[in-house]
Amino acid sequence: MKLFLDTASAKEIRTMWELGILDGVTTNPSLVAKEGRRFDDVLREICAIGVPSVSAEVVATETDGMVAEGRRLRAIHPSIYVKVPMTPAGLRATKILAGEGTRVNVTLVFSANQALLAAKVGAAYVSPFIGRLDDQSEVGIDLIRDIVTIYRNYRFSTEVLVASVRHPVHVLEAAQIGADIATMPYAVMEKLVQHPLTEIGLARFLKDWEKVPKG
Ligand code: E4P
């Protein structure tokens, strides 16, 4: 399973990249806005770290604008995946961009049928937002189960990128289902690393080691 950071912070990305556990990055306009810098500069800095997959979202709402933006973003760095919203215009843009060899991440997916359509037009990734479904009293992880089943039934090559992840149990459940990727905020990835019993166990081992005769 691939683990992505959902952030536009180069500092956060560098930290996880150095741990060796990071496979990619997803950004969105809200995350880029937090950085207070030009989008292209942020993207170049992230790509220079070496992460092999960096999703960058278009903000045009019509097909032509999405395609033009997608081509421009793709040209910035070979690691860039163009993120396109799940709308009729987005489906048309995905088909065109994917046909040209651009890897497209279809985002803002909230139903299994939307995911089916994204796969049919050649998306490289589909991004179902599970946390936002949980917020609406729907069980977000159930959507992942449905999409994984549908993609397996028809052998679609589109990868399921679990998005809007809010806590480690989302990651665990996504892994149990067999989702390809989970993207999460830095704070969630940090929690995957930590366990209080690891800390306690290490402290005890080091304390006991002091009693071992040396020399
Ligand atoms: C994914 O690509 C999105 O950027 C992200 O996961 C949205 O998460 P949120 O619902 O926490 O904003």
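First listed ligand is number 1; within each ligand, the first listed atom is number 1.
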Q: Would you give me the side-chain donor-acceptor pairs under 3.5 Å for residues 15-25, sequence neighbours excluded?
A:
| from | atom 1 | to | atom 2 | distance (Å) |
| --- | --- | --- | --- | --- |
| T15 | OG1 | K11 | O | 3.0 |
| W17 | NE1 | I49 | O | 3.2 |
| D23 | OD2 | L3 | N | 2.8 |

Q: Would you say I46 ends up clustered with F39 if hydrophobic residues are merged whenever their side chains have heavy atoms under 4.5 Å apart, either directly or through other cluster members?
A: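 In one cluster with F39: I46, yes.
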
Q: Going by salt bridge (Lys or Arg N to Asp or Glu O under 4.0 Å), name the residues that satisfy it together with R166, two or more places apart in sequence or in a different chain.
A: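 Salt bridge (Lys or Arg N to Asp or Glu O under 4.0 Å) check on R166 returns D135.
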
Q: Considering only heavy atoms, which protein residues lie less than 4.0 Å from any atom of ligand 1?
A: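 If the criterion is a heavy atom under 4.0 Å, then ligand 1 touches D6, T26, N28, K83, F129, R132, A163, S164, R166.
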
Q: So with a 6.0 Å cut-off around CD of Q136, is the heavy-atom count from everything else above 12?
A: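 It does not: Q136 CD has 12 such atoms or fewer within range.
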
Q: For the residue pair Y81 and Y125, categorise the inter-ring angle as parallel (less than 30°), tilted (30 to 60°) or perpendicular (more than 60°).
A: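 It falls in the parallel class, under 30°.
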
Q: With H167, which residues qualify under ring-ring contact (aromatic ring centres under 6.0 Å, His included), at least two apart?
A: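 Here the qualifying residues are H170.
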
